[in-house]
Asks: 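Below is a structure I'd like to ask you about.
Note that the structure is predicted; figures quoted are calculated from it, not measured. Each chain gets a letter, A, B and so on, in the order its sequence line appears, and its residues count up from 1.
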There are 2 protein chains.
Amino acid sequence: MSDTSTATPESLSQTLAESGLRSTPQRELVFNVLLKKRDHPTADEVFARVKAEMPTISLATVYNCLETLVQCRVVRAVNFERGPTRYCPNQKPHAHFHDESTGSTHDIDLPPGLLDQVKSILPDGYDSNSVEIIFRGKAKD
Amino acid sequence: MSDTSTATPESLSQTLAESGLRSTPQRELVFNVLLKKRDHPTADEVFARVKAEMPTISLATVYNCLETLVQCRVVRAVNFERGPTRYCPNQKPHAHFHDESTGSTHDIDLPPGLLDQVKSILPDGYDSNSVEIIFRGKAKD
DNA sequence: AGTGAGATTTAGAATAATTCCAATAAACTA
DNA sequence: TAGTTTATTGGAATTATTCTAAATCTCACT
């Protein structure tokens with residue numbers, strides 16, 4: 001069963017090219033690290049994982065790569081309060097559940113139409129291009 | 001027509017007392033400043049407005065007061081990406097619309113039941129105590 | 001009114017995440 | 001392969017916020 005909800009490593013260089021950006025070993029590796037363990041890591045955590053494979057990479061580059069991937073829309077940046085930004089390669093429409101006791105983040109699939117329904121509460125004159133839904137609480141397990 | 005959606009200045013000292021906290025001129029003033037101009041100011045902006053009336057107040061105190069008001073649930077803290085936290089005395093259930101071209105923030109009233117409906121998409125085992133909805137886009141005007 | 005305990009305020013130092021910068025290196029193009 | 005553009009790098013800088021320790025205030029009790 002193939003997963004159509006995320007870009008594949010193979011398609012990354014194409015996606016980058018479509019935005020006029022270059023495929024580099026650093027960008028590929030940062031993306032692969034995000035795909036391998038989908039636990040919404042921070043830039044620091046991505047840096048640590050990436051350094052294991054490419055010890056010479058710099059933190060600034062990790063920030064640059066993450067920013068690039070977000071621009072290309074193959075990765076989403078997620079924020080909770082003012083905590084460090086977390087990164088998520090899930091491209092399906094989804095909400096986030098932030099477990100306040102563990103600090104962990106879970107993706108919540110959205111039923112089709114929910115985002116449009118939520119958008120429909122906007123009064124005239126509001127033109128929204130994105131809706132974000134964040135739950136906070138405690139998740140079993 | 002009275003506005004029941006926010007605590008009144010008069011009720012603040014009572015609300016504070018209920019949490020075992022003292023009413024102080026600084027806390028009252030910070031709260032009044034938030035009520036007077038409901039444009040989701042940052043701590044720095046609150047500091048500037050408050051200093052006009054109480055020139056000796058410190059930024060640390062403004063942070064402390066805002067934090068206290070948030071704890072008492074008479075003020076909500078709102079974050080967009082990693083920008084500075086903004087403060088909002090609207091206690092009605094509402095979403096936020098973040099205008100990306102002006103940086104301004106608008107409250108969007110929620111129809112009754114919407115939050116419960118959104119919460120109902122959570123799978124078993126997720127116990128949420130708050131739902132936040134953020135729109136991004138362009139608002140007319 | 002006076003005293004002590006605890007709460008609050010204050011200025012400045014410290015922190016954390018991120019961005020900026022200028023130099024080097026790598027990648028595409030002609 | 002030379003030249004131009006794009007990307008990476010390490011370190012300094014920035015920003016919002018929190019921490020710290022001392023001074024001040026408030027309240028309850030005498």
Side-chain angles (χ1 to χ4, degrees), chain A residues 12-33 40-51 53-72 74-87 103 105, chain B residues 12-33 40-51 53-72 75-88 103 105:
Chain A
L12 178 60
S13 88
Q14 189 187 344
T15 304
L16 287 166
E18 281 162 8
S19 301
L21 298 165
R22 293 172 181 172
S23 172
T24 68
Q26 289 87 346
R27 285 170 179 173
E28 299 284 348
L29 182 50
V30 165
F31 186 50
N32 285 336
V33 152
H40 304 82
T42 64
D44 264 356
E45 288 164 348
V46 171
F47 181 46
R49 293 174 197 181
V50 150
K51 232 183 348 188
E53 297 215 17
M54 185 188 279
T56 57
I57 200 172
S58 75
L59 178 57
T61 298
V62 169
Y63 272 103
N64 290 340
C65 292
L66 289 169
E67 165 73 5
T68 299
L69 297 174
V70 168
Q71 303 293 3
C72 291
V74 298
V75 164
R76 265 172 70 177
V78 191
N79 289 96
F80 302 111
E81 283 81 52
R82 298 226 354 125
T85 300
R86 297 174 171 278
Y87 297 89
T105 300
Chain B
L12 177 59
S13 86
Q14 189 188 343
T15 305
L16 286 167
E18 282 162 7
S19 302
L21 298 165
R22 293 174 180 168
S23 171
T24 68
Q26 288 89 345
R27 285 171 179 170
E28 298 284 349
L29 182 51
V30 166
F31 185 50
N32 285 336
V33 152
H40 303 83
T42 64
D44 264 355
E45 288 163 349
V46 172
F47 180 47
R49 293 174 198 180
V50 150
K51 232 182 350 187
E53 297 215 15
M54 186 188 281
T56 57
I57 199 171
S58 76
L59 177 59
T61 298
V62 170
Y63 273 103
N64 290 341
C65 293
L66 290 169
E67 164 73 3
T68 299
L69 297 173
V70 169
Q71 303 293 4
C72 292
V75 165
R76 264 174 71 177
V78 191
N79 289 96
F80 302 113
E81 281 80 54
R82 296 225 357 125
T85 300
R86 298 176 169 277
Y87 297 88
C88 161
T105 300

Asks: Please determine if a side-chain N or O atom of Thr61(A) lies less than 4.0 Å away from the OP1 or OP2 oxygen of dT9(D).
Replies: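 Yes.
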Asks: Go through it in stages, so that I can follow the logic: the residues are Thr68(B) and Leu21(B), the test is side chain to side chain contact (heavy atoms under 4.5 Å, CB included), and I'd like the CA-CA distance, side-chain angles, deciding distance and then a yes or no.
Replies: CA-CA 9 Å; Thr68(B) 299; Leu21(B) 298 165; 3.7 Å; yes
Asks: With heavy-atom distances below 4.5 Å as the criterion, would you say the side chains of Gln71(B) and Ser19(B) are in contact?
Replies: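 The answer is no; the side chains never approach within 4.5 Å.
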Asks: Contact class for Thr68(A) vs. all strands (heavy atom < 4.0 Å): base, sugar-phosphate, or nothing?
Replies: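 Nothing, no nucleic acid heavy atom in range.
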Asks: How many Å lie between CG on Leu16(B) and C1' on dC27(D), as a whole number?
Replies: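 After rounding, the reported distance stands at 16 Å.
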Asks: Whole angstrom is fine here: how far is it from CG in Leu69(B) over to P in dT8(C)?
Replies: 12 Å
Asks: Give a yes or no answer on whether the side chain of Arg49(A) reaches the backbone of Asp44(A) with a donor-acceptor pair at less than 3.5 Å.
Replies: no
Asks: Is there a side-chain contact between Thr85(B) and the phosphate of dT17(D), meaning an N or O under 4.0 Å from OP1 or OP2?
Replies: yes
Asks: Ser23(A) and Glu28(A): side-chain donor and acceptor closer than 3.5 Å?
Replies: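 Glu28(A) and Ser23(A) do have a side-chain donor-acceptor pair below 3.5 Å.
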Asks: Show your working on side chain to side chain contact (heavy atoms under 4.5 Å, CB included) between Tyr87(A) and Leu69(A) and close with a plain yes or no.
Replies: CA-CA 10 Å; Tyr87(A) 297 89; Leu69(A) 297 174; over 6 Å; no
Asks: In this structure, how many angstroms lie between the C1' atom of dA16(D) and the CD atom of Glu45(B), rounded?
Replies: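 Rounded to the whole Å, the gap is 13 Å.
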Asks: Rounded to whole Å, how long is the line connecting atom CD of Glu28(B) with atom P of dT26(D)?
Replies: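 Spelled out: CD on Glu28(B) to P on dT26(D) is 12 Å.
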Asks: Return the nearest nucleotide to the side chain of Tyr63(A); candidates are dT10(C), dT17(D), dA17(C).
Replies: dA17(C)
Asks: Any side-chain to backbone donor/acceptor pair from Arg86(A) onto Ala77(A)? Under 3.5 Å, distance only.
Replies: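 Checked: no pair found.
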Asks: Please classify the nucleic acid contact of Thr42(A) as base, sugar-phosphate, or nothing, using heavy-atom distances under 4.0 Å.
Replies: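 Since no nucleic acid heavy atom lies under 4.0 Å of Thr42(A), the category is nothing.
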Asks: Name the residue closer to the 5' end of DNA chain D, choosing between Ser23(B) and Arg86(B) according to the nucleotide with the nearest heavy atom.
Replies: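 Mapping each residue to its closest nucleotide by heavy atoms, the 5'-most match is Arg86(B).
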Asks: What distance do Leu12(A) atom CG and Arg27(A) atom CZ have between them, rounded to the nearest 0.5 Å?
Replies: 9.0 Å
Asks: Quick one: which of dG11(D), dT9(C), dA17(C) gets closest to the side chain of Arg82(B)?
Replies: dA17(C)
Asks: When rounded to the nearest 0.5 angstrom, what is the spacing between CE in Met54(B) and CG in Leu29(B)?
Replies: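 Output value for this atom pair is 5.0 Å.
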Asks: Ignoring backbone atoms, establish whether Gln26(B) has a side-chain N or O less than 4.0 Å from OP1 or OP2 of dT10(C).
Replies: yes
Asks: Take the protein atom CG of Leu59(A) and the nucleotide atom C1' of dA16(C), then report the distance between them rounded to whole Å.
Replies: 12 Å
Asks: Can you find a pair of side-chain heavy atoms, one from Thr24(A) and one from Leu16(A), that are under 4.5 Å apart?
Replies: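 No, side chains not in contact.
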Asks: Please list each protein N or O that sits under 3.5 Å from an N or O in nucleotides 4-6 of chain D, with the distance.
Replies:
| unit_1 | atom_1 | unit_2 | atom_2 | d |
| --- | --- | --- | --- | --- |
| dT5(D) | O2 | Arg22(A) | NH1 | 3.4 |
| dT5(D) | O2 | Arg22(A) | NH2 | 3.2 |
| dT6(D) | O4' | Arg22(A) | NH1 | 3.1 |
| dT6(D) | O4' | Arg22(A) | NH2 | 3.3 |

Asks: Expressed in angstrom and rounded to an integer, what is the separation of Leu29(A) atom CG from dA7(D) atom P?
Replies: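 It is 17 Å, rounded to the nearest whole Å.
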Asks: How many whole angstroms separate atom CD of Glu81(B) from atom P of dA16(D)?
Replies: 15 Å
Asks: Hunt down any stem DNA chain D takes part in, defined as 3 or more consecutive Watson-Crick or G-U pairs whose two distances are each under 3.5 Å.
Replies: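 Stems for DNA chain D, defined as runs of 3 or more consecutive pairs: C:1-30 with D:1-30.
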Asks: Evaluate the side-chain proximity of Ile57(B) to Lys51(B): yes if any heavy-atom separation is below 4.5 Å, no if none is.
Replies: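 In contact.
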Asks: Rounded to whole Å, please give me the gap between CZ in Phe47(B) and C1' in dG12(C).
Replies: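 Those two atoms, CZ and C1', are 13 Å apart.
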